[in-house]
Amino acid sequence: DWSTSRIMNSMLDLPPSENLVIRGEKPMKIPASELAVGDIVRLNVGNKVPADVRLIETSSDLRFDRAVLTGESEEVEGNVDSFGETFLEAPNIAFMGTHITNGHAKGVVILTGARTLMGRLSTLTTTTKIKPTLIQQEITRFVRIIIFFTVLLALSILTVWLAWLHRDHIGFMSLVSMLNNVMGSTIAFIPVGMPIAVTLTLSLIARRMKAVSVLPKSLSTVRLLRRWAVSLSSALTRPVH
């Protein structure tokens, strides 16, 4: 978690990208956060689109990488004249967060910030209620079982002492000895090594994932990723009838 947080914080410290904008017929460079609807933006190869832009002028070889939005591995052509069946499929729209892999273009900003397609997707993901991961559910279930048996054992010792030992064998076990036995049994049931074992196991898996350029945001997601891998492998190897 510390390694991931350090890398994420270093990304936040990166300087904001500047974009070539035409305002009042004057070209200027401004940060993406200061763009406004109606600004004319120039886009070149390697640029990251700073907002949702409607293209008004393009080169014949203009291509976009929309993998961050759609997951498509192939580049998408951009032009002025074509209109898609949906807003996402429109070739005359350059979406915020996508990259220009070839050509150049000029466009008018139509949406900025949280109103862009990328911004709306980000809002949907951040406002979703966080549910416990599978490993958190399993640990919670295990802890409840341990608590149940601990309480059951303590009540059993107390019942035996009150119903039999304290009445028929007064000198065999005093009240203090009985309480010591209850506390000792309770402490013995506590799985002291479980947090260390779980943390070390997930840390080793996270280190192996980091070696292949996979950066888990937290240790609790490692078990979930493993569950997905098993499910996908089972689906791919299942025979088709």
Exercise for review: Sequence neighbours left out, what passes side-chain contact (heavy atoms from CB on, under 4.5 Å) with Ile187? Give chain and number order.
Suggested key: none
Review point. Who else is in Ile22's hydrophobic cluster (ILVMFWY, side-chain heavy atoms under 4.5 Å, direct or via others)?
Key: Ile40, Ile56, Val108
Review point. Which heavy atom of Leu117 sits nearest a heavy atom of Asp52, and at what distance?
Key: N-OD2, 3.0 Å
Check your understanding: Is Phe64 linked to Met118 within one hydrophobic cluster, defined over Ile, Leu, Val, Met, Phe, Trp and Tyr using a side-chain heavy-atom separation of less than 4.5 Å?
Key -> no
Revision key, fill the gap. For Ile196, the hydrophobic cluster (side chain heavy atoms closer than 4.5 Å, chained through members) also holds Leu200
**Study point:** For Phe189, ring-ring contact (aromatic ring centres under 6.0 Å, His included) partners two or more places apart
**Key:** none
Exercise for review: Say whether Leu179 and Phe172 are linked into one hydrophobic cluster, either directly or through other cluster members, by side-chain heavy-atom distances under 4.5 angstrom.
Suggested key: yes
Practice item. Please name the pair of heavy atoms, one in Pro27 and one in Leu20, separated by the smallest distance, quoted to 0.1 Å. Key: CB-CD1, 4.3 Å
Study note, to complete from the structure: Phe87 and Leu111 have their tightest heavy-atom pair at CZ-CD1, 4.5 Å
Check your understanding: In terms of heavy-atom contacts, does CE of Met194 have more than 12 from other residues, nucleotides or ligands at under 6.0 Å?
Key -> yes
Check your understanding: Should we say atom NE2 of His99 is surrounded by more than 12 heavy atoms from elsewhere, each under 6.0 Å from it?
Key -> yes
**Study point:** Rounded distance (nearest 0.5 Å) linking atom CD1 of Ile93 with atom CD1 of Ile110
**Key:** 4.0 Å
Revision key, fill the gap. Residues passing the salt bridge (charged side-chain N to carboxylate O under 4.0 Å, His left out) test with Glu57, sequence neighbours excluded, are Lys106
Check your understanding: What pairs with Asp61 under side-chain contact (heavy atoms from CB on, under 4.5 Å), at least two apart in sequence or on another chain?
Key -> Ser59, Asn102
Check your understanding: For the residue pair Pro91 and Glu77, what are the closest heavy atoms and their distance?
Key -> CB-O, 3.7 Å
Point to revise | Nearest-0.5 Å distance that lies between atom CD in Glu34 and atom CZ in Arg23 | key: 7.5 Å
Review point. Once you round to the nearest 0.5 Å, how far does CG of Asn92 lie from CG of Asp81?
Key: 8.5 Å
Practice item. Apply side chain to side chain donor-acceptor pair (under 3.5 Å) to Thr112 and list each qualifying residue two or more places apart in sequence or on a separate chain. Key: Arg115
Review point. With a cutoff of under 4.5 Å between side-chain heavy atoms, which Ile, Leu, Val, Met, Phe, Trp and Tyr residues group with Ile190?
Key: Val192
Exercise for review: Answer yes if Val49 and Val109 sit in the same cluster of Ile, Leu, Val, Met, Phe, Trp and Tyr residues linked by side chain heavy atoms under 4.5 Å apart, and no otherwise.
Suggested key: yes
Check your understanding: Counting distance only, does the side-chain N/O of Arg66 pair as donor-acceptor with the main-chain N or O of Phe95 below 3.5 Å?
Key -> no
Review point. Between Val176, Asn180, Val182, which is the residue that forms a side-chain contact (heavy atoms from CB on, under 4.5 Å) with Met178?
Key: Val182
Point to revise | Interatomic spacing from CG in Asn181 to OG1 in Thr186 - rounded to 0.5 Å | key: 10.5 Å
Study note, to complete from the structure: Shortest non-hydrogen pair, Leu43 vs Pro50, comes out as CD2-CD, 4.0 Å
Check your understanding: Same hydrophobic cluster for Ile100 and Val53, using side-chain heavy-atom links shorter than 4.5 Å among ILVMFWY?
Key -> yes
Distance-only criterion, 3.5 Å: show the donor-acceptor pairs between side-chain atoms of residues 152-165 and protein atoms not counting sequence neighbours.
{"from": "Ser156", "atom 1": "OG", "to": "Leu152", "atom 2": "O", "distance (Å)": "2.7"}
{"from": "Thr159", "atom 1": "OG1", "to": "Leu155", "atom 2": "O", "distance (Å)": "2.7"}
{"from": "Trp161", "atom 1": "NE1", "to": "Met173", "atom 2": "O", "distance (Å)": "2.9"}

Practice item. Side-chain contact test, heavy atoms from C-beta onward, threshold under 4.5 Å: evaluate it for Leu35 versus Ile30 and give yes or no. Key: yes
Exercise for review: Using side chain to side chain donor-acceptor pair (under 3.5 Å) as the criterion, list what pairs up with Ser177, not counting sequence neighbours.
Suggested key: Ser174
Review point. Does one hydrophobic cluster hold both Val37 and Val41, with members joined at side-chain heavy-atom distances below 4.5 Å?
Key: no
Point to revise | Taking every non-hydrogen atom, the tightest pair across Pro191 and Ile146 | key: CD-CG2, 4.2 Å
Study note, to complete from the structure: By side chain to side chain donor-acceptor pair (under 3.5 Å), Asp65 pairs with (sequence neighbours left out) none
Check your understanding: Mind checking what makes side chain to side chain donor-acceptor pair (under 3.5 Å) contact with Arg63, not counting sequence neighbours?
Key -> none
Study note, to complete from the structure: When rounded to the nearest 0.5 Å, the distance separating CD1 of Ile147 from CZ of Arg144 is 8.5 Å
Exercise for review: Could you go through the side-chain contact (heavy atoms from CB on, under 4.5 Å) check for Asn47 and Asn19 one step at a time?
Suggested key: CA-CA 9 Å; Asn47 288 160; Asn19 304 271; over 6 Å; no
